[in-house]
Protein chains: 2
Amino acid sequence: MSIDTLRYYERIGLVDPPARDSGGRRTYSDEDLARLGFLTKLRTTGMPIRMMRQYARARRSGVAGPALCKQILVEHRASVRARIAELRSSLDVLDHKIDNYSQIERDASAAEGRTA
Amino acid sequence: MSIDTLRYYERIGLVDPPARDSGGRRTYSDEDLARLGFLTKLRTTGMPIRMMRQYARARRSGVAGPALCKQILVEHRASVRARIAELRSSLDVLDHKIDNYSQIERDASAAEGRTA
DNA sequence: GTAGGAGCTGGAGTGCGCTCCAGGTCAACC
DNA sequence: GGTTGACCTGGAGCGCACTCCAGCTCCTAC
């Protein structure tokens, strides 16, 4: 994760501003890093920033927080599963198409063999 | 697929301009539709437009075409597989996190039971 | 003490993939 | 023959998620 992305996340309120050292520089605790790691995981699985902000807001909120967090994650998990299913079915199409091209190649080399 | 997207694809040279009827309107043959369907499949599996254009160009090129097409698809298939693997591993993290929240909920309701 | 390098800030810019718009044309229906 | 609706064109605009920049401050190493 680039430093610019990190700043961007902080600006839009996706991550809490971390502590600063005496020189005014950010110091990330292990917990900060763990949270960032999880947020990155959410991003790479295709969760939009908007939803990540909802999740971050839920984390900060009180008693209702955990239930809301869980709900968002359950919802996201469903979409990840759907995405996996979509990709898997597309793999079949891709395999089929590739087989086709392999066949074309074989035909072409067979024709070449005859003309040679 | 929206009409605007279709026009966009035509503008950037991703699809060949289809035939027109007497009134100047586009008429898509079954073959056109099949190609569009496959292109859409590539898009939804995350192939960038840039690579789709390479594929479209390969389709139009002569003898070298099929080999190039196949190469592009094989490459893309690998990235789809990698993506699936990435998503699957993330699902585990997600499951774990959701379990955590479920536990928190159970703890909370247990505490509520004691204070009630 | 000074040169270098990393991090700081607010703001502007970028790339991708659409999406929308204004103003025009055409065919079909009443 | 007027109205309606779909499609036509070129071009502008948008949302997302970054990414880059100028100009500054601060710590470190020599």
Side-chain angles (χ1 to χ4, degrees), chain A residues 1-33 35-59 72-73 75-76 79-80 82-83 86-87 90 94, chain B residues 1-33 35-59 72-73 75-76 79-80 82-83 86-87 90 94:
Chain A
M1 162 174 275
S2 78
I3 190 171
D4 276 314
T5 301
L6 195 48
R7 297 290 169 277
Y8 167 67
Y9 283 0
E10 199 179 316
R11 274 187 235 186
I12 64 173
L14 185 53
V15 302
D16 293 325
R20 301 290 181 116
D21 66 13
S22 60
R25 301 193 182 177
R26 292 168 180 77
T27 56
Y28 292 93
S29 69
D30 286 355
E31 202 189 334
D32 289 336
L33 295 179
R35 283 187 195 180
L36 279 171
F38 184 63
L39 285 182
T40 301
K41 205 82 186 167
L42 292 181
R43 267 304 294 141
T44 63
T45 51
M47 183 184 281
I49 294 277
R50 195 174 351 100
M51 196 184 294
M52 290 174 68
R53 291 181 64 184
Q54 284 174 27
Y55 176 76
R57 187 148 23 88
R59 280 213 59 140
I72 290 169
L73 293 188
E75 201 176 305
H76 181 58
S79 84
V80 172
R83 179 69 178 143
E86 186 182 30
L87 289 180
S90 296
L94 226 38
Chain B
M1 163 174 274
S2 78
I3 190 170
D4 276 315
T5 301
L6 195 47
R7 296 290 170 278
Y8 168 66
Y9 283 1
E10 200 180 315
R11 273 187 234 186
I12 65 172
L14 185 53
V15 302
D16 292 327
R20 301 290 181 113
D21 66 13
S22 60
R25 300 191 182 177
R26 292 168 180 77
T27 56
Y28 292 93
S29 69
D30 286 354
E31 202 189 334
D32 288 337
L33 295 180
R35 284 187 195 180
L36 279 171
F38 184 61
L39 284 182
T40 301
K41 205 81 186 166
L42 292 181
R43 267 304 294 141
T44 63
T45 50
M47 183 185 280
I49 294 276
R50 196 175 349 99
M51 197 186 292
M52 289 174 68
R53 291 181 65 185
Q54 283 173 29
Y55 176 76
R57 188 149 22 88
R59 279 212 60 140
I72 290 168
L73 294 188
E75 202 176 304
H76 181 58
S79 84
V80 172
R83 179 70 176 143
E86 186 182 30
L87 289 180
S90 296
L94 225 39

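Numbers restart at 1 for each chain; the letters A, B, ... are given by sequence-line order, proteins then strands. These numbers were taken from a predicted model, which means no experiment stands behind them.
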remark   = Taken in chain and number order and not counting sequence neighbours, the residues that satisfy side chain to side chain donor-acceptor pair (under 3.5 Å) with B:S29 are B:D32
query = So which heavy atom on A:G13 is nearest to which on A:A56, and how close?
reply = O-CB, 4.5 Å
request  = Write out all pairs satisfying salt bridge (charged side-chain N to carboxylate O under 4.0 Å, His left out) with one or both partners inside residues 45-58 of chain A, taking only residues at least two apart or from two chains.
outcome  = none
ask   = Looking only at heavy atoms, which two atoms of A:L87 and B:L87 are closest? And how far apart?
value = CD1-CD1, 4.0 Å
request  = May I ask you to test the B:Y8-B:L14 pair for a side-chain heavy-atom distance under 4.5 Å?
outcome  = no
query = In chain order, what residues pass the side chain to side chain donor-acceptor pair (under 3.5 Å) check against A:Y55, with sequence neighbours excluded?
reply = B:Y101
ask   = Side-chain N or O of A:S2 less than 4.0 angstrom from OP1 or OP2 on D:dC18?
value = no
request  = Determine: side-chain N/O of A:Y9 to OP1/OP2 of D:dA17, distance under 4.0 Å, yes or no.
outcome  = no
task = Go through A:R7 and A:I3 one step at a time and tell me if the side chain to side chain contact (heavy atoms under 4.5 Å, CB included) criterion holds.
result = CA-CA 6 Å; A:R7 297 290 169 277; A:I3 190 171; 3.4 Å; yes
ask   = With the sugar-phosphate defined as primed atoms, P, OP1 and OP2, and the base as all remaining atoms, what B/S/- string results for nucleotides 20-30 of chain D, 5' to 3', for protein heavy atoms under 4.0 Å?
value = B-----BS---
request  = Please list, chain by chain and in numerical order, all residues satisfying side chain to side chain donor-acceptor pair (under 3.5 Å) with B:R83, sequence neighbours excluded.
outcome  = B:E86
Residues in side chain to side chain contact (heavy atoms under 4.5 Å, CB included) contact with B:S90, at least two apart in sequence or another chain = A:K41, A:T45
inquiry  = Just checking A:D30: does its CG atom have more than 12 heavy atoms from other residues, nucleotides or ligands closer to it than 6.0 angstrom?
reply    = no
query = If an axis is fit to five pairs at each end of the helix from C:dG1-D:dC30 to C:dC30-D:dG1, what is the angle between the two, to the nearest 10°?
reply = 0°
Contacts of B:T5 that satisfy side chain to side chain donor-acceptor pair (under 3.5 Å) - sequence neighbours left out = B:S2
Members of residues 43-55 of chain B that approach DNA chain C, where some heavy atom sits under 4.0 Å away = B:R43, B:P48, B:I49, B:R50
key: Nucleotide range of DNA chain C lying under 4.0 Å from chain B heavy atoms   = C:dC16 to C:dA27
note = Residues B:R43 and B:M47: closest non-hydrogen pair is NH1-O, 2.8 Å
message = A:E10: which residues meet the side chain to side chain contact (heavy atoms under 4.5 Å, CB included) condition with it, sequence neighbours left out?
response = A:V15, A:P17, A:P18, A:R20, A:R26, A:Y28
